[in-house]
Amino acid sequence: DQQVKQNSPSLSVQEGRISILNCDYTNSMFDYFLWYKKYPAEGPTFLISISSIKDKNEDGRFTVFLNKSAKHLSLHIVPSQPGDSAVYFCAASEGGGNKLTFGTGTQLKVEL
Amino acid sequence: GAVVSQHPSRVICKSGTSVKIECRSLDFQATTMFWYRQFPKKSLMLMATSNEGSKATYEQGVEKDKFLINHASLTLSTLTVTSAHPEDSSFYICSAHRVYGYTFGSGTRLTVV
């Protein structure tokens, strides 16, 4: 039972344009959401998070949007840079500090 | 910032032997650490939650006797893969939680031959 899904396994974007990565979840008890960037054979690197009391959080080029009614969140990266090319995972937990459930990942490729 | 050191980064072992993977929080105390496993091009699957001074909580389908977890101090958790088989070959990642979020180790690539 995949409680967190990323329906796009891959995404290709031109440098300078916006990258939008999507994530859907089914567990209504999730109240804390995170996005991670990951390279092969490395651990995930934290990007940005959002709690369920908010619908938007911004940090530099990264913005996360949360739509609780739709059980959907998205990560916007603007402008996209070649160094952003990696696999992006969304993750969710019931309360901060509890175990994370990861999505299936989206491979982002930012092209010159 | 918070750093989690995971060692070794890569290990090759023979079938039937045991392998220990260490996860250390270098500049903070972690009462809870998590162990994940990632298959090629797949998501990170939580194996167990490790609590300092108590038994680990394993996820459904994870063999407790095969994947031994010890969290003897606030800065160290270990995962021992016992009697390893080729199907245990995978990428194992630990994570520690602190006030400001979760920090992940760099992972361990285990290959059982």
Side-chain angles (χ1 to χ4, degrees), chain A residues 1-11 21-27 30-51 54 57 59 62 64 85-109, chain B residues 1-11 21 23-25 28-52 56-62 89-111:
Chain A
D1 177 29
Q2 189 69 40
Q3 296 186 62
V4 181
K5 294 181 182 179
Q6 293 173 253
N7 291 318
S8 297
S10 63
L11 175 67
L21 297 102
N22 294 302
C23 179
D24 297 292
Y25 61 97
T26 57
N27 186 346
F30 287 146
D31 59 2
Y32 187 59
F33 305 89
L34 309 92
W35 282 96
Y36 286 88
K37 177 180 180 181
K38 188 180 181 301
Y39 296 109
E42 293 185 11
T45 301
F46 171 75
L47 291 173
I48 193 168
S49 64
I50 188 168
S51 75
K54 292 186 173 183
N57 189 25
D59 184 1
F62 303 95
V64 56
S85 297
V87 177
Y88 288 78
F89 288 97
C90 63
S93 74
E94 296 180 34
N98 291 320
K99 63 183 183 181
L100 292 178
T101 300
F102 279 84
T104 46
T106 296
Q107 172 78 58
L108 173 65
K109 184 177 180 181
Chain B
V3 176
V4 172
S5 174
Q6 186 172 341
H7 179 80
S9 59
R10 185 183 297 265
V11 59
I21 302 169
C23 181
R24 293 180 185 272
S25 57
F28 67 100
Q29 294 181 329
T31 54
T32 303
M33 289 188 177
F34 306 91
W35 287 94
Y36 295 85
R37 179 175 180 176
Q38 184 184 27
F39 292 101
K41 297 185 179 180
K42 297 291 185 182
S43 183
L44 282 74
M45 302 301 297
L46 180 68
M47 298 174 66
T49 302
S50 167
N51 297 297
E52 186 266 336
T57 303
Y58 289 80
E59 295 299 300
Q60 190 173 13
V62 178
S89 298
S90 192
F91 190 63
Y92 295 86
I93 311 173
C94 67
S95 169
H97 178 264
R98 60 178 310 196
V99 174
Y100 300 108
Y102 303 81
T103 302
F104 284 80
S106 53
T108 298
R109 169 69 62 193
L110 171 63
T111 303

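So you know, we letter chains A, B, ... as the sequences are listed, proteins then strands, and number each from 1. Any value given below was found using the heavy atoms of this structure, including those in side chains, with hydrogens, waters and symmetry copies removed.
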**Message:** Heavy-atom pairs under 4.5 Å with chain B: which of G105(A), P44(A), G43(A) has the most?
**Reply:**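 The candidate making the most pairs under 4.5 Å is P44(A).
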
**Item:** From N27(A), T101(A), L100(A), residue fulfilling side chain to side chain contact (heavy atoms under 4.5 Å, CB included) relative to S93(A)
**Value:**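 The single option meeting the side chain to side chain contact (heavy atoms under 4.5 Å, CB included) with S93(A) is L100(A).
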
**Prompt:** Of the backbone (N, CA, C, O) and the side chain (C-beta and beyond), which part of I93(B) lies under 4.5 Å from a heavy atom of chain A, both, or neither?
**Reply:**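 The side chain, not the backbone.
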
**Contact origin within Q6(B) toward chain A - heavy atom pairs under 4.5 Å** =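 When you check distances to chain A, no heavy atom of Q6(B) falls under 4.5 Å.
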
What is the ring orientation for [X] with [Y], classed by angle as parallel under 30°, tilted 30 to 60°, or perpendicular over 60°?
X: Y36(B); Y: F34(B); value: tilted
X: F46(A); Y: Y36(A); value: perpendicular
X: F33(A); Y: Y25(A); value: tilted

**Request:** Using a cut-off of under 4.5 Å on heavy-atom pairs, state which of G105(B), G107(B), P40(B), S106(B) scores highest against chain A.
**Result:**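 Among G105(B), G107(B), P40(B), S106(B), the one with the most close pairs to chain A is S106(B).
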
